[in-house]
Amino acid sequence: MFRRVLIANRGEIAQRVIRACRELGIETVAVYSSADADALYLRQADETICIGPPQSAKSYLDIPAIIAAAEVADADAIHPGYGFLAENDHFAEVCRSCKINFIGPTPEVIAALGDKVRARELARKAGVPIVPGSDGAVEDEKKALEVAQQIGYPIMIKAAAGGGGRGMRVARNEPSLVASFHQASSEAKAAFGDGTVYLEKFVENPRHIEVQILADEHGNIVHLGERDCSVQRRHQKLIEESPSPSLTPELRARICEAAVRVVREANYTNAGTVEFLLARDGSFYFIEVNARIQVEHTVTEMVTGLDLIQQQLLIASGERLAFKQEDVRWSGHAIECRINAEDPEKDFQPSPGKIELFVPPGGPGVRLDSHCYSGYRIPPNYDSMIGKLLVHRSTRDAAVRTMLRALDEFVIEGPKTTIPLHGSILRHSDFRAGDHDTGFVERYYGSHPAIPVKEPR
Amino acid sequence: MFRRVLIANRGEIAQRVIRACRELGIETVAVYSSADADALYLRQADETICIGPPQSAKSYLDIPAIIAAAEVADADAIHPGYGFLAENDHFAEVCRSCKINFIGPTPEVIAALGDKVRARELARKAGVPIVPGSDGAVEDEKKALEVAQQIGYPIMIKAAAGGGGRGMRVARNEPSLVASFHQASSEAKAAFGDGTVYLEKFVENPRHIEVQILADEHGNIVHLGERDCSVQRRHQKLIEESPSPSLTPELRARICEAAVRVVREANYTNAGTVEFLLARDGSFYFIEVNARIQVEHTVTEMVTGLDLIQQQLLIASGERLAFKQEDVRWSGHAIECRINAEDPEKDFQPSPGKIELFVPPGGPGVRLDSHCYSGYRIPPNYDSMIGKLLVHRSTRDAAVRTMLRALDEFVIEGPKTTIPLHGSILRHSDFRAGDHDTGFVERYYGSHPAIPVKEPR
Amino acid sequence: MDVKLIQRLIKLMKDGEVFELELEDEKAGSRLRLKRGRPEAPAVPMPMVHVMHAGAAPVPQVAAPGAAPAAPSAPEAQKPAAHKGTTISSPMVGTFYRSSSPEAEAFVRVGSRVELDRTLCIIEAMKVMNEIKSEISGEILEILVENGEPVEFGQPLFLVKTD
Amino acid sequence: MDVKLIQRLIKLMKDGEVFELELEDEKAGSRLRLKRGRPEAPAVPMPMVHVMHAGAAPVPQVAAPGAAPAAPSAPEAQKPAAHKGTTISSPMVGTFYRSSSPEAEAFVRVGSRVELDRTLCIIEAMKVMNEIKSEISGEILEILVENGEPVEFGQPLFLVKTD
């Protein structure tokens, strides 16, 4: 096992990794930008090193600074968290060349899965259904029109290097396809320095289902079931849950097994997630593999009782998985609400600044992962997520009720947050019936979500 | 089910009951003394009523005030929490005569179990071992000496109406017995207005094991396993856990079954706890029944996944238990540390006052039940417990590690707390080995506990 | 001015919870200025609890930091600040009645003179009619609760101009 | 007014939690002004994080409320307050070297004059030796880091008396 792990991240995930390390008896080195110098979680680390100014490019994205910190602090492994350098194959490569363990898949696997065209190819080889589309990059509009002819409208245009909804367009006819093709390509070029796009059949109102995987370095792979992340706004997940209310046991078995086949084909190691679209008719399609721990890994932790960050550390240090697929047990229902410092009434604009009073909810079935506290100042430099509120109860209905009371208890004075929006979504009849899809939030809570006044209980 | 429940208590248990009611869709009425007017949990109630000044006798113990509040607020049931009026058979009787449901056993059962001599008689009838002792009250020293002769020293002298360690004495020989008999009797007279005492064999260095029971009003009784509460200081529990590290499966089955027999014999209804002493040789003895929900019910909630307060509400409203004994499932290991605003370095004197900064721990496996927050002022009028920190992990060792990191994370600025003491106990080799008993704390942390400097992790 | 004096002044301030003291003398032309209570804003906003018959579920709402002085125990906070006079508060929780029976005359009205021990109202608690008697004498300026309304401990009932 | 007196006044203020004291005398025309309690101050005490090479597990410790002004970003907090002069801080994390090799002369010593662009030290990061050059000119008053020690971003390296 590692002796000393450097955490190349900030906020709640940095705290999350520190917690896992402490419980395993591993020393921690927390790096931070000067904007995060006051963060309380830094006190829980054995060593802290300021690596740069607030701008991410000069701190949390600055590879030489992070490697230098690891060398100075004599860390034998680096946990990248999510975001920042988590899926940067060059960073993983530099770690390797510096003889520092990168806690995640190999650089080669990250690179292969980071390219959506190559990832689709992998899924195809694994015999996993993919959304019908171009076999790889589409060079020009003529080719685009040909492909569209074959697979039929509506068509989704996607950036090969994309993510977070950028470089994505839907076209419902030929003129729209031509326009969208060029828009998507130049948007991708601007955002990722790579204008390569590909086409896919656009699945209307799908559910977002993803499967959590653990794979050790000895060929053992287990899945930990699915998460349903259909409550999204502009491709940003807001609420995640497990199990999905829309999977039958038979469908769950097929989709989880498909996920295992994909990561086996990719020679994947460590924790990862295979994402699928689930159509209304029960057919599912591979989208991509997230070659890192995800924000919502916590949902799976609740229903399986496993600590995924500890598992990452164990796997990266070369240990074998201590359990087999048949040993995994699921119980109850877990829901996560992402609490963002954003103003849902002002088109979700970030609302950083000082938290005057922070009173988290507690009691039975409630978990909070947050680095915030009364008096904490949310820096304007990073993303707006300030906490993940989770509940775990025996049934979905009980979990929703517990989440509603937890949201009501949660006091955050100062910044605006997504707490009222979550309350509204959880009271929505479509959500309560489990009958919602990835279009749900835009449909009911568009750019000016009319958050209904709280109903009497 | 009840429409509106009044909570005749304060602090964390008032909040706990509000949470359970909200999750069941029951309206809540929170009563409070003027010392508690600022408490945040009051906001979570549908109605709040100030019932008196800070002194408990004129507020939380004032039966007319509480009944008047229930009448004004039109509550159909009262939850007494623990402490205050929870085991007051007169209060339960008044509730009945006012046609308000008392959430707990009947007044008759409370009265019978509240008298230790009658309770012993019940256990004997149920065929459950009791500590050898006088058959009921011992009138004078002559009788005391006779009884002691029969059962052998050491002897424990106990007040029939006692509790919390008052009116208790240990005698190891005849002269000491004579002196202790009179001391205990007059202490009991002063404390409880009743000087009746009885004698018991003193079990050396026992473990404190208690069994959680649920009994509906239709004759169905289930046990929810045991809690080990051997970490005590002057008969006040500090740490509770489940399962007990000192029970074999066979012994667990016998002790849990014995508990069920006692409550069946007592015609017990609602949630209750049967307490036992477990001797080093594996023999166990009935001590008493706690005819109420206990502080540490949370430990059982963690390992069973059941919500005991919701169960209390369901049972009191006349519903049948929704599960049978064989449906109860236990998983993992749970530990609770009671966080008190006390100064362990000054003989545990209470340390009330303003909490400048309150940053609770979070993350996987952690639960906190607390009514405190940054800026909260702990009133000096009530007990010093400000929160219950719980962890639930797959094994006892993992639970201890999680608790240690959670204790380290917990920031309470202002009052002194028992947090450092808990850290020290959890690092102690006897506790780690599960090889501790009710004398453990006094043995190692006497009146001036030398809290060892934190070891390197 | 000697240090001893300052020391004594500070102690006086501490004991008397005075947070500001000014003092001039100019050979006993004199001038003194004292301020008691809490200084400006409380360090952490004391949440104001909105109490009594919230009806629907209360929406969590904390007073803006510094927006209000520290909330005293809740019922007292409802005292009408504008009025001058002495408040008589409820010594118990229960239902407020202005007369001994629906047909009877009210014990007191606005403008009534009250003397020590005169019955002001009845508060019913647990079916018991508790006569609430005056502990001051003066003139009733205002009756703050409607007949038949529930009241909580410490809730102001009457405003009295004392003699 | 002598230092002893001031010292005693400060102690009195401290013990008496006085945060403001004015005092005039004008040969005992006198005037005094005291304020107790907390100054306006930050609403919630900003916890000071003790950083850099904590070595053993850090014991949670927050500065007493009001005891210190809000903590600035941590490394800067370590600036020696007493010194007059300009601080040159590290632009990166790495290992600090005073010379280009173990045998070579140090780039600068206390008393050295430095000019714009003169090399002051080397910070090694990822096996790269980064020459750190002066952006000011003046005289080195103090060298704040030992040769071979790790430094973090923003950590003060030199104290310079600027021209």
Side-chain angles (χ1 to χ4, degrees), chain A residues 12 15-16 18-27 40-41 43-44 46 298 301-302 305-310 329 331-332 356-376 387-388 390 392-394 398 400-406 408-409 411 456-457, chain B residues 12 15-16 18-27 40-41 43-44 46 298 301-302 305-310 329 331-332 356-376 387-388 390 392-394 398 400-406 408-409 411 456-457:
Chain A
E12 76 86 18
Q15 182 179 52
R16 176 73 191 86
I18 292 173
R19 284 172 171 159
C21 288
R22 295 192 73 167
E23 294 185 23
L24 286 176
I26 301 169
E27 291 180 12
L40 265 186
Y41 64 84
R43 290 196 215 165
Q44 298 154 21
D46 295 285
T298 41
E301 291 187 325
M302 301 295 268
L306 290 165
D307 187 308
L308 295 194
I309 309 292
Q310 291 188 14
R329 288 282 173 276
S331 77
E356 298 290 344
L357 185 62
F358 187 83
V359 186
V366 172
R367 166 178 171 183
L368 181 71
D369 280 41
S370 172
H371 57 294
C372 297
Y373 51 89
S374 293
Y376 177 71
K388 305 185 301 201
L390 291 118
H392 182 216
R393 290 304 225 176
S394 55
V400 169
R401 287 164 173 265
T402 300
M403 183 60 93
L404 281 171
R405 74 104 181 133
D408 266 357
E409 279 175 27
V411 178
R457 286 198 307 274
Chain B
E12 76 86 17
Q15 182 180 54
R16 175 73 191 85
I18 293 173
R19 284 170 172 161
C21 288
R22 297 192 70 166
E23 295 185 22
L24 286 177
I26 301 170
E27 292 180 12
L40 265 186
Y41 64 85
R43 291 197 215 166
Q44 298 156 21
D46 294 286
T298 40
E301 291 187 324
M302 301 295 269
L306 291 166
D307 187 309
L308 295 194
I309 309 293
Q310 291 187 15
R329 289 279 171 279
S331 78
E356 298 290 344
L357 187 62
F358 186 83
V359 186
V366 173
R367 166 178 171 183
L368 181 70
D369 281 40
S370 173
H371 57 293
C372 297
Y373 51 91
S374 293
Y376 176 72
K388 305 185 303 201
L390 291 120
H392 183 215
R393 291 304 226 177
S394 56
V400 170
R401 286 164 175 265
T402 300
M403 182 61 92
L404 281 170
R405 74 105 180 129
D408 266 356
E409 279 175 28
V411 178
R457 283 198 306 278

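Sequence lines set the chain letters: A, B, ... in the order given, protein chains first and strands last, and positions in each chain run from 1.
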Next item on the list: Could you grab the distance from atom CD1 of A:Ile18 to atom CG of B:Asp408, nearest 0.5 Å is fine?
Entry: 12.0 Å
Checklist line | Side chain, backbone, both or neither of B:Glu12 within contact of chain A (heavy atoms, under 4.5 Å) | finding: neither
Item checked: Best-contacting candidate, B:Thr402, B:Leu404, B:Leu24, B:Ile309, against chain A by heavy atom pairs under 4.5 angstrom -> B:Thr402
Notebook entry, point to check: How long is the span from the CD atom in A:Gln310 to the CZ atom in B:Arg401, to the nearest 0.5 Å?
Noted result: 8.5 Å
Margin query: Report which part of B:Arg393 has an atom under 4.5 Å of a heavy atom belonging to chain A: side chain, backbone, both, or neither.
Written below: side chain
Margin query: Heavy-atom cut-off 4.5 Å, strictly under: side chain, backbone, both or neither for B:Arg19 against chain A?
Written below: both
Return a table of donor-acceptor pairs under 3.5 angstrom between the side chains of residues 358-368 of chain A and protein atoms on other chains or two or more places apart.
{"residue": "A:Arg367", "atom": "NE", "partner": "A:Asp369", "partner atom": "OD1", "Å": "2.8"}
{"residue": "A:Arg367", "atom": "NH1", "partner": "A:Glu301", "partner atom": "OE1", "Å": "2.9"}
{"residue": "A:Arg367", "atom": "NH2", "partner": "A:Glu301", "partner atom": "OE1", "Å": "3.0"}
{"residue": "A:Arg367", "atom": "NH2", "partner": "A:Asp369", "partner atom": "OD1", "Å": "3.4"}
{"residue": "A:Arg367", "atom": "NH2", "partner": "A:Asp369", "partner atom": "OD2", "Å": "3.1"}

